[in-house]
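Notes follow the structure.
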Amino acid sequence: MSVLPNTSETDLGLIRSLRIQPLLVVLRPERIDLEAVFITTRLCRQLDQLVEAGVQHVEIAWIDHPRWRDLAIAARSRHPRLSLGAASITQQSALQQVAELGFSYAMSPLLDRELQQQAKQLDFLLVPGVMTPSEIRQACDLGCRLVKLFPASVVGRSFYRQIAAPMGNLPFMIAAGGLRAGDLYSWLDAGYDAIALGRTVFENNDFDPSLAAWIGA
């Protein structure tokens, strides 16, 4: 996949990293994670398992809760070398907060012009969610060099092949939503640049062994 012109160094940094390991894992805090001491939480245990397995890119879903900021700080402090992003950014206050906290990047489930303009003002990478060729083009026009196809399971892995020829040079495409570890090979082979996985990464609170095998392959 070629990189579109005028790609910023921030965008290039994440693209380079994802080309080495084209995987992102999204963790969504539960209320108990937000109210307990971080090192005792399920989210902390899962984060530790991901790092131990060699996962390089992890997103923590943003939640409108007064303790989310503390949880995010604790996660960054525990694993400072991890490429840590924020997921589920849909409002300007959330984007402002994650940028101030020093996250590497953020992801949104939607394409919002005002959010992208704010991200540009903050010199912060916000990857928008897209679902149609028109939204992909709009994202490119707003300067987005990475986009998240969401929900990917709805449009199917052949979507990339179907739009690649008529649209020409596509942005860096991350497939997310409804995917499992077993989908990694087929979706990457279909042309997508990276895959984002969620709660299916853990089976009975244990890291999916098939994903561990993929990372170690």
Side-chain angles (χ1 to χ4, degrees), residues 1 10 12-34 36-63 68 70-89 98 101-107 109 125 127 129 146 148-153 157 172-217:
M1 169 62 60
T10 304
L12 283 173
L14 183 57
I15 289 172
R16 292 190 190 107
S17 183
L18 285 171
R19 282 179 172 162
I20 295 172
Q21 187 184 92
L23 168 69
L24 306 99
V25 176
V26 183
L27 298 179
R28 188 168 299 279
E30 297 179 355
R31 180 166 293 275
I32 193 171
D33 295 319
L34 295 160
V37 177
F38 180 70
I39 60 173
T40 68
T41 63
R42 171 199 59 89
L43 188 140
C44 181
R45 292 192 297 273
Q46 291 184 341
L47 188 62
D48 288 349
Q49 289 180 71
L50 293 173
V51 173
E52 183 178 355
V55 174
Q56 298 176 12
H57 314 93
V58 178
E59 301 170 35
I60 297 179
W62 184 85
I63 296 176
W68 187 89
D70 295 334
L71 180 146
I73 291 173
R76 290 192 67 245
S77 177
R78 189 169 180 84
H79 296 291
R81 299 182 65 183
L82 182 67
S83 177
L84 189 63
S88 303
I89 301 300
V98 300
L101 288 173
F103 276 77
S104 300
Y105 58 92
M107 300 265 181
L125 173 57
V127 180
L146 302 92
K148 179 177 74 172
L149 181 67
F150 179 82
S153 61
R157 66 174 180 261
F172 191 93
M173 297 275 287
I174 302 168
L179 304 182
R180 304 181 66 88
D183 296 315
L184 276 162
Y185 286 108
S186 61
W187 281 73
L188 292 172
D189 287 345
Y192 296 93
D193 296 290
I195 305 297
L197 303 177
R199 61 181 178 272
T200 60
V201 164
F202 294 94
E203 297 181 351
N204 299 320
N205 291 322
D206 292 325
F207 189 67
D208 185 340
S210 67
L211 185 56
W214 180 86
I215 293 171

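Heavy atoms only: backbone and side chains are in, while hydrogens, waters and symmetry mates are out.
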Of all heavy-atom pairs linking A61 and R28, the shortest is CB-NH1, 3.4 Å

Run the numbers on V51 and R81 for side-chain contact (heavy atoms from CB on, under 4.5 Å), then give the verdict.
-> CA-CA 10 Å; V51 173; R81 299 182 65 183; over 6 Å; no

Could you pull out the closest heavy-atom pair between A86 and V98, with the gap in Å?
-> CB-CG1, 3.6 Å

Could you check if a side-chain atom of P22 sits within less than 4.5 angstrom of a side-chain atom of L188, using non-hydrogen atoms only?
-> yes

Short side-chain donor-acceptor distance under 3.5 Å, R180 and S210 = no

Any chance you could measure L34, atom CG, to L43, atom CG, to the nearest 0.5 Å?
-> 8.5 Å

State the CZ-CG distance between R16 and L12, to the nearest 0.5 angstrom.
-> 5.0 Å

Taking atom CD1 of I32 and atom OG1 of T40, what is their separation to the nearest 0.5 Å?
-> 7.5 Å

Any sub-3.5 Å donor-acceptor pair from S153's side-chain atoms to G177's backbone N or O?
-> yes

With T200, which residues qualify under side-chain hydrogen bond (donor to acceptor under 3.5 Å, both in side chains), at least two apart?
-> none

Are D183 and R157 close enough that some pair of their side-chain heavy atoms sits under 4.5 Å apart?
-> no

Under a 4.5 Å cut-off applied to non-hydrogen side-chain atoms, are R78 and I39 in contact?
-> yes

Partners passing side-chain hydrogen bond (donor to acceptor under 3.5 Å, both in side chains) against Q56 (at least two apart in sequence or in another chain) = none

Check the side chains of Q46 and R42 for a donor-acceptor pair under 3.5 angstrom, ignoring hydrogens and angles.
-> yes

Verdict with reasoning, I174 to I195, per side-chain contact (heavy atoms from CB on, under 4.5 Å) | CA-CA 5 Å; I174 302 168; I195 305 297; over 6 Å; no

Closest heavy-atom pair and its distance - A75, I60 | CB-CD1, 3.6 Å

How long is the gap from CG on L84 to NE2 on H79, to the nearest 0.5 Å?
-> 9.5 Å

Could I get the full list of side-chain hydrogen bond (donor to acceptor under 3.5 Å, both in side chains) partners for S83, not counting sequence neighbours?
-> none

Considering all heavy atoms, the nearest A87-V26 contact = CB-CG1, 3.9 Å

Quick one: CH2 on W62 to CG on L101, what's the gap to the nearest 0.5 Å?
-> 11.5 Å

Short question: side chain of D33, backbone of T41 - any donor-acceptor pair under 3.5 Å?
-> no

Considering non-hydrogen atoms only, spot the tightest contact between A194 and L24 and give its length.
-> CB-CD1, 4.2 Å

Do E59 and F103 come within less than 4.5 Å of each other through their side chains, counting heavy atoms only?
-> no

Over all atoms of both residues, closest heavy-atom pair of P109 and I89 = CD-O, 3.8 Å

Expected output: side-chain W214 to main-chain G182 donor-acceptor under 3.5 Å = no

CA sep, side-chain torsions, deciding dist, call: Y105, H57, side-chain contact (heavy atoms from CB on, under 4.5 Å) | CA-CA 10 Å; Y105 58 92; H57 314 93; 3.9 Å; yes

Do L146 and D193 have side chains that get closer than 4.5 Å, going by heavy atoms?
-> no

Steps toward side-chain contact (heavy atoms from CB on, under 4.5 Å) verdict (V25, F207) | CA-CA 11 Å; V25 176; F207 189 67; 5.6 Å; no

To the nearest 0.5 Å, tell me how far Q49 CD sits from F202 CZ.
-> 5.0 Å

